[in-house]
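Have a look at the structure below before the remarks.
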Amino acid sequence: MIVSGSASQTLAAALAAELGEELALVEYDRFPDGELLAALSEFAAERAIVVASTVSSDAHLELLQLQDAARETGAEEVVTVLPYMGYGRQDAAFEAGQPVSARAVARAISTGADRVLTVNPHEADVRAFFEPTAEVVDAAGRLAEPLPAALVDPVFLAPDAGATALAGTVRDAHGTGEVDHFEKRRRSGADVEITPSGVDVAGRDVVVVDDIVATGSTMSEAIEHLTDADRVFVACVHPLLIRNARLKLARAGVETVYGTDTVEGPASAVSVAPAIADRLRS
Ligand code: R5P
């Protein structure tokens with residue numbers, strides 16, 4: 001039976017359809033003091049597949065509750081699917097005194113899960129924070145699907161070196177094009193400096209590919225160096241698009257911003273449900 005976190009209801013339904021599993025009814029409530037109560041009102045299965053993107057601190061807590069509720073209701077196996085793993089970018093103590101938040105949340109989730117799957121984590125190493133090690137589902141190839149078939153001499157560009165493999169995967173799925181990357185230096189949470197490469201984008205279509213678009217700072221800074229390009233598309237696995245990210249990207253002249261349904265919203269153009277279902281079947 002599929003059990004959905006409140007932020008992943010559409011993806012959970014798509015996964016239920018893919019797998020031919022029932023979708024449990026979940027009530028998402030809150031006590032007057034603000035504490036959450038996520039409860040299963042109909043659940044009867046030996047295996048619970050809990051699908052919950054941890055897009056907020058509340059979503060993390062809700063996931064822990066759902067894992068516990070599934071066990072409480074008789075599930076013998078709990079499989080947790082983290083389409084988007086929140087706190088995944090805090091995968092190290094970057095300054096003295098900081099926590100390794102990704103490890104802390106992974107440990108908490110592991111206490112209630114027999115198996116954990118996550119989609120394109122920011123750093124693959126976070127898998128090892130889970131016990132047992134989390135399995136990674138790669139959904140990047142699907143990002144080629146919403147692109148126009150006829151791109152003009154396309155460049156698949158990563159805004160930093162870390163996203164180059166992702167850009168390559170999207171290029172491979174599209175079929176043709178050059179892959180390149182810029183260099184990024186982060187000054188603060190929402191302030192980044194981008195150094196362009198020597199790629200000539202004049203008159204060409206550019207697809208800028210990243211794992212996450214959060215504040216949109218990385219993308220909008222990168223796009224400032226693409227004024228000679230014909231069209232600019234932004235593709236990401238996790239379209240968090242917080243604060244004024246959409247405004248920033250629209251003002252930068254982006255043709256389309258799209259991502260997957262790991263983070264559900266208007267930019268969720270492709271579903272990761274088939275990729276998750278394939279992994280669960282294996
Ligand atoms: C970080 O290296 C990630 O790959 C993304 O580039 C980053 O999370 C995007 O964040 P923002 O949209 O806030 O610049």
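Both ligands and their constituent atoms are indexed starting at 1 by order of listing.
Residue-level contacts of ligand 1 at the 4.0 Å heavy-atom threshold are R89, H122, D160, K184, R186, D210, D211, I212, V213, A214, T215, G216, S217, T218.
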Stepwise salt bridge (Lys or Arg N to Asp or Glu O under 4.0 Å) check, E178 with R171: CA-CA 8 Å; E178 188 180 350; R171 189 276 312 272; over 6 Å; no

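A side-chain donor-acceptor contact under 3.5 Å links Q90 and S101. Donor-acceptor pairing under 3.5 Å is lacking for the side chains of E264 and S8.
We find that K248 and E221 are not joined by a salt bridge, their nearest charged nitrogen and carboxylate oxygen being 4.0 Å or further apart. A salt bridge links E135 with R115: the distance from a Lys NZ or Arg NE/NH1/NH2 to an Asp or Glu carboxylate oxygen falls below 4.0 Å. Classification of E21 and R47 as a salt-bridged pair holds, one side-chain N sitting under 4.0 Å from a carboxylate O.
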